[in-house]
There are 2 protein chains.
Amino acid sequence: MNNDPDPLPSELEVLRSSSMSQVIYKEIEKIILGGTLGPGEKLNEKALAERFGVSRGPVREAFQALHARGLVEMIPNRGAFIQRITKHDAVEIYDVRAGVFGTACRLLAERIDNATLADLNALLARMDAVAAKRDLDAYYPLNIEFHSTIVKSCGNATLASIYFDLVGRLHLFRARGLVHGGGFESSNAEHRAIVEALDDRDPQAAFEAAYTHVQLGKRRVMVSGDGPQSNASTT
Amino acid sequence: MNNDPDPLPSELEVLRSSSMSQVIYKEIEKIILGGTLGPGEKLNEKALAERFGVSRGPVREAFQALHARGLVEMIPNRGAFIQRITKHDAVEIYDVRAGVFGTACRLLAERIDNATLADLNALLARMDAVAAKRDLDAYYPLNIEFHSTIVKSCGNATLASIYFDLVGRLHLFRARGLVHGGGFESSNAEHRAIVEALDDRDPQAAFEAAYTHVQLGKRRVMVSGDGPQSNASTT
DNA sequence: GAATTGCGAATTGTTGACAATCAATATTTT
DNA sequence: AAAATATTGATTGTCAACAATTCGCAATTC
């Protein structure tokens, strides 16, 4: 009868109660990708359930979804652990990401409008500016926005979903490490090559430029640190 | 005390009880991809639980995993339904699959050995043989094996997983329909172009051949039937 | 002193029960 | 009779409890 019996919606009770496990999913995903709990660490069912104010059921359901997405490792009778990414895994993910991102550019080259092109060129200019100042903290989000803009603009939601999945998994690899500069001028040069191919509406060239860019980004990350403790933004 | 109290292990009690939900996952996946229960149909928790002899918990966990993989649609307070794939969705999936399969060929071109090449050439010959006889039932599994061999040989398990995921989702689109012949001579010609590029160890050419092949396969499927009631094997 | 064995606590896997929601039918009203 | 409304049945969402397994630590053994 009365509207909103709960005085404080508290962000967790806003959504329908039915999608509770999906809310928990998003929350745990935040914990994992936020890096507050490194790879290999255990996810305690009871602790998480109490933290979110629910029972263990929804938490377990979220675990299964996270496992299917490759963010969580399930060991029988042991529980859920944040997925451990080996260097070999990271190489694999980078290679797939190169192909997926290249495909995004290829598709985008066939449909890009001038507004999107202007956005990308603006990002290029801003990245050049911060690169000249060696401001890596400013470069990082711009770099992400550049790639995201392309992927979101290519008109393929399935591709975008897979792409961001891969990016998330890579976050596990380079979780919470220092950033290695060096080579983000060349990184932006590669960005410019991509935009030029898009401007030419040349799908093959766009793919090649994008694929090569990610591959070079992989090398930049791999040479900087062998273990999963290096963060690199110049991809 | 006595070993194996259950007279019939029945394939469901063989594995550890802990991975029960994952066994249920595989079983429901079989139901979905097997086509005995078309897209949009409802998956009843209680009925499935009784069928597998477990409670609803593991079934719900399996639902979440299937949802994360894009095989099941979850509607709040309504339950789980086999994912409905629109024509637009199918186009998206085909485009991503083209890029992923192309990437597999690109990677394979850099590492293929003569044994794998011989396998692929043998498959080409067998496909030519059955294509000459217009034996579509024989062509279909060979075609699948050809693509699977490439994907499994490219040395990237992450890519393979994503690829087979996409193939599974496409199965939902063309579930339980008649097969449209026409164009599977050209399909095998495209296969041959892929193998030739692999033989040349030419990554770019391999990608282009593979990408084009899937794109043409998409067109062959799309022109044959607008709705989700057409099965096409010549991809 | 090092390795092994044997508890006890904690955690996971599963279940059955209860509350909430939805679909479908029956009933009432206009 | 048609539309709107109430009621019933079924299904989903959530929870708390129980069984089984694992982990940590102490006691024992070699």
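Every chain is numbered from 1, with letters handed out A, B, ... down the list of sequences. When reading the values below, keep in mind they use all heavy atoms of this one structure, side chains included, and skip hydrogens, waters and symmetry mates.
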Contacts of Gln83(A) meeting side chain to side chain donor-acceptor pair (under 3.5 Å) (sequence neighbours excluded), chain-then-number -> none

Whole-Å distance, Phe81(B) CZ to dT12(D) C1', equals 11 Å

Length of the CD-C1' vector between Gln22(B) and dT12(C), whole Å = 14 Å

Rounded distance in Å - CG (Leu48(A)) to C1' (dT12(C)) | 14 Å

Whole Å only: how far is the CE atom of Met20(A) from the P atom of dA19(C)?
-> 18 Å

Do the charged groups of Lys218(B) and Asp95(B) touch, with an N to O distance under 4.0 Å?
-> yes

Hits for side chain to side chain donor-acceptor pair (under 3.5 Å) against Ser148(B), two or more places apart or cross-chain, chain-then-number order -> none

Could you check which of dG13(D), dT15(C), dC15(D) has an atom nearest any side-chain atom of Val54(B)?
-> dT15(C)

Partners passing side chain to side chain donor-acceptor pair (under 3.5 Å) against Glu45(B) (at least two apart in sequence or in another chain) = Arg56(B), Arg60(B)

Sorted by chain and number, sequence neighbours left out, side-chain contact (heavy atoms from CB on, under 4.5 Å) with Ala90(B) holds for Ile85(B), Leu170(B), Phe173(B), Met222(B)

Quick one: Arg60(A) CZ to dT11(C) C1', roughly how many Å, whole number?
-> 11 Å

Rounded to whole angstroms, how far apart are CZ on Arg56(B) and P on dC15(D)?
-> 13 Å

Could you list, one pair per line, each protein nitrogen or oxygen that sits under 3.5 Å from a nitrogen or oxygen of nucleotides 8-11 of chain D, together with the distance?
none

Taking only residues two or more places apart in sequence or in another chain, which ones pass side-chain contact (heavy atoms from CB on, under 4.5 Å) with Ala206(B)?
-> Cys105(B), Ala109(B), Ala197(B), Leu198(B)

Rounded to whole angstrom units, what separation is found between the CD atom of Glu61(B) and the P atom of dT12(C)?
-> 12 Å

